[in-house]
Amino acid sequence: MEHHRMEVTMTVNGRSVSRDIEPRVLLVHFLRDELQLTGTHVGCDTSQCGSCTVLIDGEAVKSCTVLAVQCMGQSVTTIEGLEQGSLHPMQEAFREKHGLQCGFCTPGVMMTAIQLLKQHPNPTESEIREGLDGVLCRCTGYETIVRSIQHAAGLMADQEPQPEEEVG
Ligand code: FES
Ligand code: FES
């Protein structure tokens with residue numbers, strides 16, 4: 001029997017992509033299998049690990065919980081989209097503060113942390129731990145992750161864009 005297919009178009013890491021897919025395809029499989037963006041990991045089949053977290057229109061979302069077709073017209077950012085010529089401050093901070101061991105959880109942790117810092121640009125340790133509630137790390141005990149995110153907050157504050165010069 002022929003499966004029904006649909007054309008889905010969305011922006012991924014700043015580029016418009018279109019694919020003809022079955023409507024049942026989850027966003028995480030769309031990213032990994034159709035676009036070969038394998039930095040987004042699958043760590044469970046119960047929507048619990050958070051390794052698959054990406055940003056959809058700036059919101060951190062577990063990409064195994066949404067269908068690709070639900071993201072029609074939206075803008076998705078994956079871990080591959082963070083680096084823009086040089087490491088993103090979040091990546092830099094994880095490198096400096098040893099925020100990863102095996103690295104399996106890291107893409108999901110970083111995407112979650114980026115949204116967290118938008119809400120809490122200077123987060124306390126408990127705000128970070130609360131924000132990471134939906135993301136499981138089996139290696140680090142979270143200590144170095146918390147330190148990395150606090151360091152990233154500092155780096156990102158330093159990089160705040162300067163007020164635009166007046167045009168006149
Ligand atoms: Fe575990 Fe999505 S793969 S929450
Ligand atoms: Fe291994 Fe987090 S670094 S699961």
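No hydrogens, no waters, no symmetry mates; every other heavy atom, side chains included, goes into these values. Whatever order the structure lists ligands and atoms in, that order sets their numbers, starting from 1.
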K.L.:
What I'd like to find out is whether the side chain of Y142 reaches to under 4.5 Å of the side chain of L136, using heavy atoms alone.
P.N.:
yes
K.L.:
Can you count the protein N, O or S atoms that lie less than 2.8 Å from atom 2 (Fe) of ligand 2?
P.N.:
2
K.L.:
Under 2.8 Å from atom 2 (Fe) of ligand 1, is there any N, O or S atom belonging to C49?
P.N.:
no
K.L.:
Can you list every side chain to side chain donor-acceptor pair (under 3.5 Å) pair that touches residues 95-112, not counting sequence neighbours?
P.N.:
E92-R95, E96-H151
K.L.:
Which residue and atom name correspond to the protein heavy atom nearest atom 4 (S) of ligand 1, and how close is it?
P.N.:
G50 N, 3.2 Å
K.L.:
Please confirm whether the backbone N or O of G14 pairs with a side-chain atom of T11, one donor and one acceptor, at under 3.5 Å?
P.N.:
no
K.L.:
Heavy-atom contact under 4.0 Å between S51 and ligand 1?
P.N.:
no
K.L.:
Any heavy-atom pair between the side chains of L132 and I149 that's under 4.5 Å?
P.N.:
yes
K.L.:
Below 2.8 Å, can you find an N, O or S atom of C52 next to atom 2 (Fe) of ligand 1?
P.N.:
yes
K.L.:
Under 3.5 Å, is there a donor-acceptor pair between the Q91 and E83 side chains?
P.N.:
no
K.L.:
For atom 3 (S) of ligand 1, which protein heavy atom lies nearest, and how many Å away is it?
P.N.:
G43 N, 3.5 Å
K.L.:
Which ligand 1 atoms, with their elements, are less than 4.0 angstrom from a heavy-atom of C64?
P.N.:
2 (Fe), 3 (S), 4 (S)
K.L.:
Under the criterion side-chain hydrogen bond (donor to acceptor under 3.5 Å, both in side chains), which of K118, Q115, Q74 is the partner of E59?
P.N.:
Q115
